[in-house]
Amino acid sequence: MTDVVFPLVDDEAPESPGVVSTWFVEDGAQVREGELLAEVQVSKIADEILAPVSGTLRHKVAEGQVITQGAVVALLE
Amino acid sequence: MTATTSAPTTRRLTTARAMSEGIAQEMGRDEGVFVMGEDVGAYGGIFGSTGGLLEKFGATRVLDTPISETAFIGLGIGAAVEGMRPIVELMFADFFGVCMDQIYNHMAKIHFESGGKVRVPMVLTTAVGGGYSDGAQHSQCLWGTFAHLPGMKVVVPSNPADAKGLMISAIRDDSPVVYMFHKGVMGLPWMAKNPRATGPVPEEPYGVPIGEAAVVREGADVTVVTLSLSVHHTLDVAEEMSSRGVGVEVIDLRSLVPLDTATVLNSVHKTGRLVIVDEDYQSFGLSGEIAARVAEVDPRMLRAPLARVAVPDVPIPYARTLEQAVLPTRERITAAIDGVLSQ
Amino acid sequence: MDSDIRVELYRMMVLIRTYEEAILREYHADKQPVFDIGAGLVPGEMHLSAGQEPVAAGVCAHLGSGDAVTAPHRPHHVAIAHGVNLDAMTAEIFGRETGLGRGRGGHMHLFDPAAHFSCSGIIAEGMPAALGQAFAFQRRGTDRVAVAFAGEGAANQGAFHESLNLAALWKLPVVFVIEDNDWGISVPRSASTSVPSNGVRGAAYDIPGERVPDNSVEGVHQAAGRAVARARAGQGPSLIEVHTLRLWGHFEGDPQAYRDDLDGVPGRDPIPTYESTLTEAGLLDPERISKIHEDASVRVEQAISFAKDSPIPSGEQARDHVFAQEAHR
């Protein structure tokens, strides 16, 4: 089981909250390592999350749900 | 004509990413394809249209230009004439005033004036549309203006799958293609969330034919002809109205030049009622063109007068309440459909 | 300067003048008794280049068919000097099926892809395309160049300034040639241009700029030689302005009532002047001069006959060639 983590998007304000703006892969889908999983946003800055390993994706947060940078957003089984 | 997708896929992208993926795949396939425009390099395009391309292909093939639309659009024309395949971005369609001569008097006319002996295989991409208070000079659609002038194809994708397919078709087309993408369909993280701006996109390269509309929802009671962001709003309205037992057939034009008149006529023949939803200015444009094409074939197809939901002939206002009053909102679309059904 | 080159420059200027005189004749022949611009075998506007031959001959002597040339609404001298197909060009001016554009472009919109030649009727707007042609040549690792011709009036249009800046910024192999014939239709340069010569405008874009005075074909040849060599060597664009002469009106039918220099014009005709120069140098004599004129006349009349014998396009084909048909690949 591997954590998929919200990246440090704004290193000048690491406490700032953000959201997963878009999940590109559905909950329960198979992904390959390196595949684009989601787009995230902190304030004005957007970033992307790529799959760290291959596996089955389990969402832990919903689009638009406010979370912190560094939080676990999904698991890969 | 049904909506185009190839084999079903669960891979989803935003429209912006689908556009840049289409460009990337063609750039990988053909050395002559290159991208040019303001902020298309490190920024990835102000509206995300060229994201990731600079990293992949480098500064010789993804070029940031000075604010010189006449010069760099003309440069694109000259490179195209010599057999390259430039993709040139006009940041906002609203800016066409400073460079329209290159577009309509040169890019669009060289093939004809040369008796077909000189080709201009160029794509001119440009961002269109309002709804986020960007004001009169940064919110226009203007596809009616471009479509009105002979010699350039005009495509307007509404969703990610079409965005990639139309981009690939546009790049491969040997005629100049104006590719107009609405900022509201791009799926930008810094704009209001639009669930229809993300969707399934096949991973392999594929083309969506230019000049073919898509019936994106079938229905028996009324035909709504529309394009771009208005497709999203119309589908929302259609879903709501289906719960009341009204069948709305939604046609996504996808291309304005060439215009798929046959698909429109087939649908109007079936339903007898027509609403046109067009975010461009009402008078002397696309909505009138659709109406004319129905009327000149057989106005008796219509069981009721048609309705147009367009931006009135007013510069687009800044304040939210004023802007929302002129845009073709779900409320206006619903009212127009109800109006056409009640007669 | 090499004798053969000098005689060739003279020969080219004579060919151009012979052509323009023939078009002048044909253009007016069937517009009598009162000038009707839309009448006759050659309808529409006609902008002839008599007097400006030195610019075309001097610059194009340095170019091959692989180099690109863009020209404005007064293009014939440049087209001829750059080797555009004379028969097809003439047929286009006469609006025939065999014309460069199948009759669709006319005299201001001549396209000869084999010579990478194009012209445009919108002032200064033909220049940006030259940048693109130069860009393509550069990208492909060739030493080919693009030359953009324009009038002194064009140097006040935005497209000119944008083009110089971008060509300089990207070090494109372009040569900008301004033909200052003193008149933007009826407005003299002193009433349109803030600088005494457009040659100084090169400095605004950090590129070399110079002015060639006196409509000198050899002066043009030398300046163009330097500019073309710079471009071929990857050193970027240059600007040359030539003070030339518009022998006739802006367009045919222009009564030129505004023109206060008309009396002096015939005396400034560059061809008799150069003819004298070469005669004094022993490179021309009456027999050789006569032969050169005769050859030019034969070639020009051949082109005119070709045009007149060519089919007139049918109205049913008016909608053809808007879009490219099958893809090249």
Side-chain angles (χ1 to χ4, degrees), chain B residues 30-32 34 36 60-61 63 65-86 88 98-102 104-122 150-153 169 172-177 210-211 257-258, chain C residues 68 70 92 97 99-106 108-114 116 118 120-137 139-140 144 146 148 157-167 169-170 172 313 319-329:
Chain B
D30 182 347
E31 283 263 300
F34 69 98
M36 189 170 42
T60 56
R61 293 184 71 195
L63 298 105
T65 62
I67 307 173
S68 305
E69 282 79 358
T70 287
F72 69 74
I73 290 175
L75 192 156
I77 293 167
V81 158
E82 291 298 334
M84 298 188 79
R85 304 189 90 85
V88 183
V98 305
C99 58
M100 193 52 156
D101 191 84
Q102 290 299 314
Y104 94 110
N105 260 343
H106 291 81
M107 184 188 82
K109 289 184 181 164
I110 285 173
H111 187 263
F112 182 82
E113 288 177 326
S114 69
K117 296 176 192 174
V118 179
R119 295 186 173 197
V120 188
M122 185 171 149
M152 45 191 160
K153 299 190 180 180
S169 294
R172 295 184 185 183
D173 201 308
D174 273 3
S175 292
V177 180
I210 294 176
V257 180
Chain C
T70 66
E92 185 61 27
E97 265 292 320
L100 288 172
R102 296 187 231 260
R104 281 157 176 73
M108 284 193 287
H109 311 107
L110 302 168
F111 296 86
D112 188 345
H116 301 268
S118 65
S120 166
I122 308 294
I123 299 296
E125 301 288 337
M127 302 185 99
L131 270 63
Q133 293 177 289
F135 179 92
F137 297 159
R139 276 292 178 281
R140 292 173 180 153
R144 290 151 69 187
Q157 173 69 239
F160 169 82
H161 295 275
E162 289 192 29
S163 295
L164 260 64
N165 179 67
L166 189 56
L169 187 69
W170 288 3
L172 296 174
R319 298 179 197 205
D320 296 350
H321 302 296
V322 175
F323 292 122
Q325 295 309 309
E326 307 77 37
H328 274 313
R329 57 214 173 116

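Per chain, numbering begins at 1; letters A, B, ... match sequence-line order. Because the structure is a prediction, the values reported are computed rather than measured.
Summarising the local packing, CZ of B:Phe112 is surrounded by more than 12 heavy atoms from other residues, nucleotides or ligands at distances under 6.0 Å.
Atom-to-atom distance recorded for B:Ile77:CD1 and C:Thr70:OG1 is 11.5 Å, nearest 0.5 angstrom. Considering CD1 of C:Ile122 and NZ of B:Lys109, their distance stands at 7.5 Å, rounded to 0.5 Å. A distance of 6.5 Å separates CD in C:Glu125 from NE2 in B:His106, rounded to the nearest 0.5 Å. To the nearest 0.5 Å, the span separating CZ on B:Arg119 from CD on C:Gln325 amounts to 8.0 Å. Distance check, rounded to the nearest 0.5 Å: CG of B:Asn105 to OG of C:Ser120 gives 7.0 Å. Atom CD of residue C:Glu162 and atom OG1 of residue B:Thr65 lie 9.5 Å apart, to the nearest 0.5 angstrom.
Checked against the 6.0 Å centroid criterion, the rings of B:Phe34 and C:Phe135 qualify as a close aromatic pair.
Highest contact tally toward chain C, considering only B:Ala80, B:Ser175, B:Gly116, B:Gly83, is held by B:Ser175 [criterion: heavy-atom pairs under 4.5 Å]. Across C:Glu97, C:Met127, C:Arg140, C:Glu92, the residue that shares the most heavy-atom pairs under 4.5 angstrom with chain B is C:Arg140. Ranking B:Ile67, B:Val118, B:Val120 against chain C, the residue ahead of the rest is B:Val118, based on heavy-atom pairs under 4.5 Å.
The shortest side-chain heavy-atom distance between C:Arg102 and B:Lys117 falls under the 4.5 Å cut-off. Side-chain contact between B:Pro66 and C:Leu169: present, with at least one pair of heavy atoms (C-beta onward) separated by less than 4.5 Å. Looking at heavy atoms from C-beta onward, B:Leu75 lies out of side-chain contact with C:Pro128 at the 4.5 angstrom threshold.
For B:Pro150, the side-chain contact (heavy atoms from CB on, under 4.5 Å) criterion is met by no residue, not counting sequence neighbours. With sequence neighbours left out, C:His116 forms a side-chain hydrogen bond (donor to acceptor under 3.5 Å, both in side chains) with B:Glu82, C:Arg144.
For chain C, no part of B:Ile73 is nearby; none of its heavy atoms comes within less than 4.5 Å. Neither the backbone nor the side chain of B:Glu31 comes within less than 4.5 Å of any heavy atom of chain C. Within the 4.5 angstrom heavy-atom criterion, no atom of C:Leu110 approaches chain B. With a 4.5 Å cut-off on non-hydrogen atoms, C:Asp320 touches chain B through its backbone but not through its side chain. With a threshold of 4.5 angstrom between heavy atoms, B:His111 approaches chain C through its backbone and through its side chain. Within the 4.5 angstrom heavy-atom criterion, no atom of C:Phe160 approaches chain B. Heavy atoms of B:Met122 lying under 4.5 Å from chain C are absent altogether. Proximity to chain B (any heavy atom under 4.5 Å) is shown, for C:Leu164, by neither the backbone nor the side chain. For C:Ala130, no part lies near chain B; criterion is any non-hydrogen pair under 4.5 Å. Looking at B:Val257, only its side chain comes within 4.5 Å of chain C, counting heavy atoms on both sides.
Geometrically, B:Lys153 engages C:Phe323 in a cation-pi contact, judged by NZ or CZ lying under 6.0 Å from the ring centre and within 45° of the ring axis.
B:Leu63 approaches C:Arg139 most closely through the heavy-atom pair CD2-NH2, 3.7 Å.
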